[in-house]
K.L.:
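Attaching a single structure in structure tokens format; questions to follow.
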Number of protein chains: 2
Amino acid sequence: MPKSIPDIVIGRLPIYLRALQHMGMEGRQVTSSQELGERLGISAAQIRKDLSQFGEFGKQGTGYNIDFLSKQLQEILKVDRVWDVAIVGAGDIGKGLANYNGFSSRGFRIVMIFDSNPNLVGTQLGGFTIKDSRLIKQELESSNVRVAMIAVPAAQAQAVAEQLVEAGVKAILNYAPVNLTVGPDVHVQHIDPTIHLQRMTYYLD
Amino acid sequence: MPKSIPDIVIGRLPIYLRALQHMGMEGRQVTSSQELGERLGISAAQIRKDLSQFGEFGKQGTGYNIDFLSKQLQEILKVDRVWDVAIVGAGDIGKGLANYNGFSSRGFRIVMIFDSNPNLVGTQLGGFTIKDSRLIKQELESSNVRVAMIAVPAAQAQAVAEQLVEAGVKAILNYAPVNLTVGPDVHVQHIDPTIHLQRMTYYLD
DNA sequence: TAGATTGTTAATCGATTAACAATC
DNA sequence: TAGATTGTTAATCGATTAACAATC
């Protein structure tokens, strides 16, 4: 068995990728681990070490070709393709996600939106007709969705997660302020603004 | 100099706190490091170690009083008070944050919203009149705001951050998909849904 | 008391950094 | 060539875990 890559390294790759694509859009051709590190507040040694887990992408004396390294990272992270994504919850957060146009260029495409509010079901959002949350399993079965975002109230999040997992979803981005419990083959990331804020107030006086 | 607490420990405290408050609302009185750990997917030893950095909050044989430990964690994280928060950007994300009612019970209170769009300036949002982003410094000077959330397009985020820092902001929650560069006395947390999604697709096949 | 669980220590495990030969 | 920067190794540093005496 090849030794597996630490998750903490995987977590930094999307950050490298975002910075590289930003540089690319500025018209830059090459960068170095040092420059990238300064921009991100990460040591140059760490960036080189992280990348070396996957191959040799740079040239001594020159650095990294930005387009080439971007493409390599996209492959590694499997965002050299487009993932279909379902959103559950059409409140303010769900609406924001549905209207966000930053997904498509970075590997994701919203394909379906659910809500449990009968007043919202059937209405339009971001080019989609909102579907009834009770139909999650049924609707996802005929789709290719394995990534979902949960933007429902905390009280409903766990139940929604379970329906999504039953329907074959393997990666969940959870905006509800509650910890989700899922099986070991399902990946979950949590976004809770309060958690992030509380992590900073500790350092304030 | 007392040895400083690792930031990774600080990062887990808000998660413990959220789970404890959840249990409290369920009417529970006590819990154990084991139960808490199972709920969060964290080892019991780690939870005890983390807490022991700050004092002794439990009782052998019994565990932790939920209300007591919650209060202690609130004090440690300095959310036993209410922090005034400014939002910059009144698009979908800013709107969602402005209308979110989960802040007040957890230590934060929105007090001001800015946007640079002349069509939005002067209109109402979440009980506030949206102010012109050019007035950030001026408006914050007479306020008590040291925490802010950035919800503007990527291209404007760095400039907004600099204005906030100039106005005395020490903690920034950044929703723009770009890395912010700030001084060492300013804390930044980033929320970018795509980054979180890309971190999970690595593991999908 | 017997059972449970803490707080803490020491051991293990893992991540980061410093340094440098290789080489563009 | 001289200067720059990679990829990698070994050393350092830090975080997690296992184990258990203390004790409720």
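Chain identifiers are assigned alphabetically (A, B, ...) following the order of the sequence lines, protein sequences preceding nucleic acid strands; residue numbering begins at 1 within each chain.
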K.L.:
Return yes if a side-chain donor-acceptor contact under 3.5 Å exists between A/Glu162 and A/Gln158, otherwise no.
P.N.:
yes
K.L.:
Where do B/Arg28 and B/Glu35 land on the salt bridge (charged side-chain N to carboxylate O under 4.0 Å, His left out) test, with the steps shown first?
P.N.:
CA-CA 12 Å; B/Arg28 306 280 313 285; B/Glu35 185 192 38; 3.0 Å; yes
K.L.:
Determine which nucleotide pairs with D/dA4, using a 3.5 Å limit on both distances of a Watson-Crick or G-U wobble pair.
P.N.:
C/dT23
K.L.:
So, OP1 or OP2 of D/dA15: does either fall under 4.0 Å of a side-chain N or O from B/Arg12?
P.N.:
no
K.L.:
What is the separation between atom CG on B/Asp7 and atom P on C/dA15, rounded to the nearest whole Å?
P.N.:
17 Å
K.L.:
Rounded to the nearest angstrom, tell me the gap between atom CZ in A/Phe57 and atom P in D/dG7.
P.N.:
8 Å
K.L.:
In whole angstrom, give the distance that lies between atom CD1 of B/Ile5 and atom C1' of D/dA15.
P.N.:
14 Å
K.L.:
Pull out every residue in residues 18-25 of chain A that has a heavy atom closer than 4.0 Å to any atom of DNA chain C, ordered by number, or say none.
P.N.:
none
K.L.:
Whole angstroms only, please: what is the CD-P distance between B/Gln34 and C/dG3?
P.N.:
17 Å
K.L.:
Check the distance between C/dG14's P and A/Asp50's CG and give it to me in whole angstrom.
P.N.:
16 Å
K.L.:
What string of B, S and - do you get for nucleotides 17-24 of chain D 5' to 3' if you count protein non-hydrogen atoms under 4.0 Å?
P.N.:
BBB--BBB
K.L.:
Tell me the interatomic distance from B/Leu36, atom CG, to C/dT5, atom P, rounded to whole angstroms.
P.N.:
13 Å
K.L.:
DNA chain C: B/Ser33 or A/Pro6, which has the more 5' nearest nucleotide?
P.N.:
B/Ser33
K.L.:
Could you tell me how far apart A/Asn65 (CG) and D/dT5 (C1') are, to the nearest whole angstrom?
P.N.:
15 Å
K.L.:
Could you tell me if the side chain of A/Met112 sits less than 4.5 Å from the side chain of A/Leu140, heavy atoms only?
P.N.:
yes
K.L.:
Could you label the plane-to-plane angle of the B/Tyr202 and A/Phe54 rings as parallel, tilted or perpendicular, counting under 30° as parallel and over 60° as perpendicular?
P.N.:
perpendicular
K.L.:
Tell me the interatomic distance from B/Leu51, atom CG, to C/dT8, atom P, rounded to whole angstroms.
P.N.:
11 Å
K.L.:
For B/Asp115, is there any backbone N or O sitting under 3.5 Å from a side-chain donor or acceptor partner on B/Ser133?
P.N.:
yes
K.L.:
Any luck finding a side-chain donor-acceptor pair between A/Arg199 and B/His187 under 3.5 Å?
P.N.:
no
K.L.:
Do the non-hydrogen side-chain atoms of B/Phe108 and B/Ile110 ever get within less than 4.5 Å of each other?
P.N.:
no
K.L.:
Taking the side chain as every heavy atom from C-beta outward, state whether A/Asp84 and A/Val147 have any pair of such atoms under 4.5 Å apart.
P.N.:
no
K.L.:
One thing to verify: whether B/Arg106 and A/Asp192 come together as a salt bridge, which I'm taking to mean a side-chain N less than 4.0 angstrom from a carboxylate O.
P.N.:
yes
